[in-house]
Amino acid sequence: MRTVVVTDDIWSAPRDRIGQRRGIAGDLAVFKAAGAAAEAGYDLEGVERVARLANRRTRSFGVAFSGCTLPGADAPLFEVPGGRMAVGLGIHGEPGIDEVDIPTADELALLFVSKLLEEVPDGIAIDGARVVPLLNGLGSVKYEELFVVYRRIHRLLEERGVTVVEPEVGELCTSFDMAGCSLTLLWLDDELEELWRAPADTPAYRKGSAAAHLSIGSTDAAGVGDPADGTDDVPASTSDSRDAAATIAAALDAVSVAIDGAADELGRIDRIAGDGDHGIGMQRGARAARDAARTAVEAGAGARTTLEWAADAWSDRAGGTSGAIWGEFLRTLGADVGDDHAVTPEIVARAVASAKDAVMVFGKAKVGDKTMVDAIVPFADELVARVDDGLRLADAWRRAATAAEDAAQATATLAATLGRARSHGDRSIGTPDPGAVSFALVCATVYDVLDTDREQ
Ligand code: ADP
Ligand code: MG
């Protein structure tokens with residue numbers, strides 16, 4: 001862990017005690033540089049370095065027209081007399097350090113710019129410098145008013161030979177209902193300019209257009225929404241598809257119980273060559289999928305929708321590689337079983353075969369790499385073959401589950417070549433692959449549900 005303290009507020013301590021200054025809206029400049037660096041793949045040292053660099057090149061100065069009122073309090077933390085303006089505000093409700101008469105918008109712009117240009121970081125010439133101005137509203141100053149002040153700030157900077165780069169005007173760092181604003185200048189070098197210009201997508205701050213990363217371990221944002229929020233529309237379904245959905249929900253319920261019982265052992269075998277989280281991840285995923293499937297069934301969803309909600313919940317909550325793969329598996333199963341027809345053994349077999357293919361495309365594992373694919377492939381092959389033979393679904397499934405279990409145990413002789421365990425591949429020899437073992441356990445558990453389900 002590293003700690004970088006933001007010290008942008010020029011009013012809070014003199015220049016010879018710059019390290020004692022407090023952080024105000026310059027936080028954004030420093031956090032943005034650090035975040036963009038991390039996103040660009042800098043290591044921890046590099047992220048810390050640019051955070052310190054951005055802090056050294058960031059200066060701010062704020063004013064307030066009224067203090068903020070904390071939730072539950074009946075008076076503001078401080079008051080500014082009518083017609084007066086507090087100078088040198090803090091963002092945690094600290095009063096201003098000085099007080100002056102309220103200026104016009106243009107006079108305020110001049111005050112901001114002239115003070116900050118007296119405080120240019122060492123080694124930077126104003127004329128020709130490239131600067132990001134951040135004009136920040138504290139909570140109850142209107143955007144229109146900020147834009148009026150900013151208009152003059154921009155001109156004043158350009159008059160001094162400064163090139164303005166991608167400015168921000170808005171509520172970036174607020175203090176409840178405080179009326180006030182601050183100007184921050186981030187003095188760029190080439191590296192900081194690139195980091196500032198990089199797109200960002202966070203709950204409180206967005207810049208440019210940031211594409212989501214699609215990689216293993218990430219969740220698929222393109223699927224249905226969060227099942228837990230109850231806002232999804234439930235697509236129409238037929239009653240035979242809703243019957244299948246009820247069986248799916250019962251199966252996920254049983255899977256969650258079985259995984260709870262096996263979690264410690266799954267964690268133990270993942271610890272040998274992996275990171276020991278497979279039991280926890282499977283537990284979180286299976287529980288979330290169970291809850292999502294229940295919600296779907298109660299909302300009248302068919303089999304496909306139930307599986308999609310379960311898939312999203314599993315990959316969202318499980319974390320880890322196996323969570324993403326289980327999400328892909330369940331989502332693909334759903335596509336074949338549909339919402340508008342009965343689920344026959346042939347449809348189940350075809351759905352499992354497509355889910356197997358999808359997982360192999362998604363994770364790029366082949367049989368023999370020592371992953372859950374080693375269990376999924378024999379499971380799917382056996383299920384398709386036995387359904388072809390005309391077996392009833394539960395009987396075909398039992399044979400397939402046995403094939404999965406045998407294959408999972410047989411992975412013990414292999415060395416892992418993919419996934420997290422690959423860096424300790426040889427150490428995994430003698431222990432079966434955790435993802436294959438849990439897959440086989442899920443198959444066996446679902447068999448029990450199918451076997452007792454009179455509908456099948
Ligand atoms: P993580 O590896 O992220 O900690 P888990 O511990 O939950 O995730 O899951 C590990 C399991 O994921 C492995 O035992 C293996 O079965 C499976 N796995 C890893 N990589 C792949 C892959 N590329 N394709 C299929 N399964 C994989
Ligand atoms: Mg793991």
Side-chain angles (χ1 to χ4, degrees), residues 213-220 255-256 258-290 310-333 352-381 401 403-444:
H213 287 282
L214 281 180
S215 63
I216 230 171
S218 72
T219 52
D220 178 8
V255 163
S256 176
I259 294 291
D260 281 346
D264 287 349
E265 174 62 8
L266 294 172
R268 187 190 68 77
I269 60 178
D270 189 32
R271 228 173 351 259
I272 291 171
D275 57 356
D277 63 353
H278 188 61
I280 296 167
M282 287 293 290
Q283 255 183 319
R284 290 168 56 101
R287 285 180 188 173
R290 171 202 62 195
D312 280 0
W314 192 312
S315 58
D316 195 32
R317 295 308 310 275
T321 315
S322 67
I325 289 171
W326 271 101
E328 185 70 10
F329 191 85
L330 296 177
R331 201 173 296 117
T332 313
L333 279 185
V352 167
S354 335
K356 169 207 67 174
D357 291 340
V359 161
M360 292 176 74
V361 170
F362 180 69
K364 302 186 180 62
K366 305 176 303 300
V367 170
D369 286 333
K370 192 164 186 166
T371 70
M372 57 202 280
V373 164
D374 286 5
I376 296 176
V377 169
F379 176 77
D381 291 352
E405 173 61 21
D406 293 347
Q409 292 308 325
T411 60
T413 59
L414 303 171
T417 56
L418 261 185
R420 199 181 302 285
R422 71 189 180 285
S423 353
H424 301 286
D426 287 346
R427 197 189 295 174
S428 75
I429 296 175
T431 307
D433 173 65
V437 170
S438 60
F439 181 83
L441 173 62
V442 170
C443 295

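In listed order, ligands and their atoms are each counted from 1.
- Paired with Phe439 under the rule side-chain contact (heavy atoms from CB on, under 4.5 Å), one option of Ile325, Ile376, Asp433 passes, and it is Ile376.
- By heavy-atom distance, the residue among Asp277, Val359, Ile269, Val437 lying nearest atom 6 (O) of ligand 1 is Asp277.
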**OP:** Could you walk me through whether Ser428 and Lys370 pass the side chain to side chain contact (heavy atoms under 4.5 Å, CB included) test, one step at a time?
**Re:** CA-CA 9 Å; Ser428 75; Lys370 192 164 186 166; 3.3 Å; yes
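- Aromatic ring centres of Phe362 and Phe329: separated by at least 6.0 Å.
- At least one N/O-N/O distance between Gly435 and ligand 1 falls below 3.5 Å.
- Shortest distance from the Mg ion (ligand 2) to Asp277 is reached at OD1 (N/O/S atoms only).
- Residue Met372 has at least one nitrogen or oxygen atom sitting less than 3.5 Å from a nitrogen or oxygen atom of ligand 1, judged on distance alone.
- When the heavy atoms of Lys370, His278, Glu328, Lys366 are ranked by distance to atom 10 (C) of ligand 1, first place goes to His278.
- The Asp270 neighbourhood of ligand 1 comprises atoms 6 (O), with distances under 4.0 Å to a heavy atom of that residue.
- The closest approach between a heavy atom of Gly281 and any atom of ligand 1 is not below 4.0 Å.
- Ion pairing between Lys364 and Asp369 fails under the 4.0 Å rule for side-chain N and carboxylate O.
- For the Mg ion (ligand 2), the nearest N, O or S atom contributed by Asp270 is named OD2.
- In terms of polar-atom proximity, Gly363 is counted as a contact of ligand 1, with an N or O under 3.5 Å from an N or O of the ligand.
- Atom NE2 of His278 and atom CD1 of Ile280 lie 11.5 Å apart (nearest 0.5 Å).
- Distance CE/Met372 to OG/Ser322: 6.5 Å, rounded to 0.5 Å.
- Salt bridge status for Asp260 with Arg287: present, with a side-chain N to carboxylate O gap under 4.0 Å.
- Residue Val437 comes nearest to Gln409 through the heavy atom pair CG2-NE2, 4.4 Å, listed as atom of the first residue, atom of the second, then distance.
- When Ser322, Gly319, Gly320 are checked for heavy-atom proximity to atom 7 (O) of ligand 1, Ser322 turns out nearest.
- Here is the list of ligand 1 atoms found below 4.0 Å of a heavy atom in Ile325: 21 (C), 22 (C), 24 (N), 25 (C), 26 (N), 27 (C).
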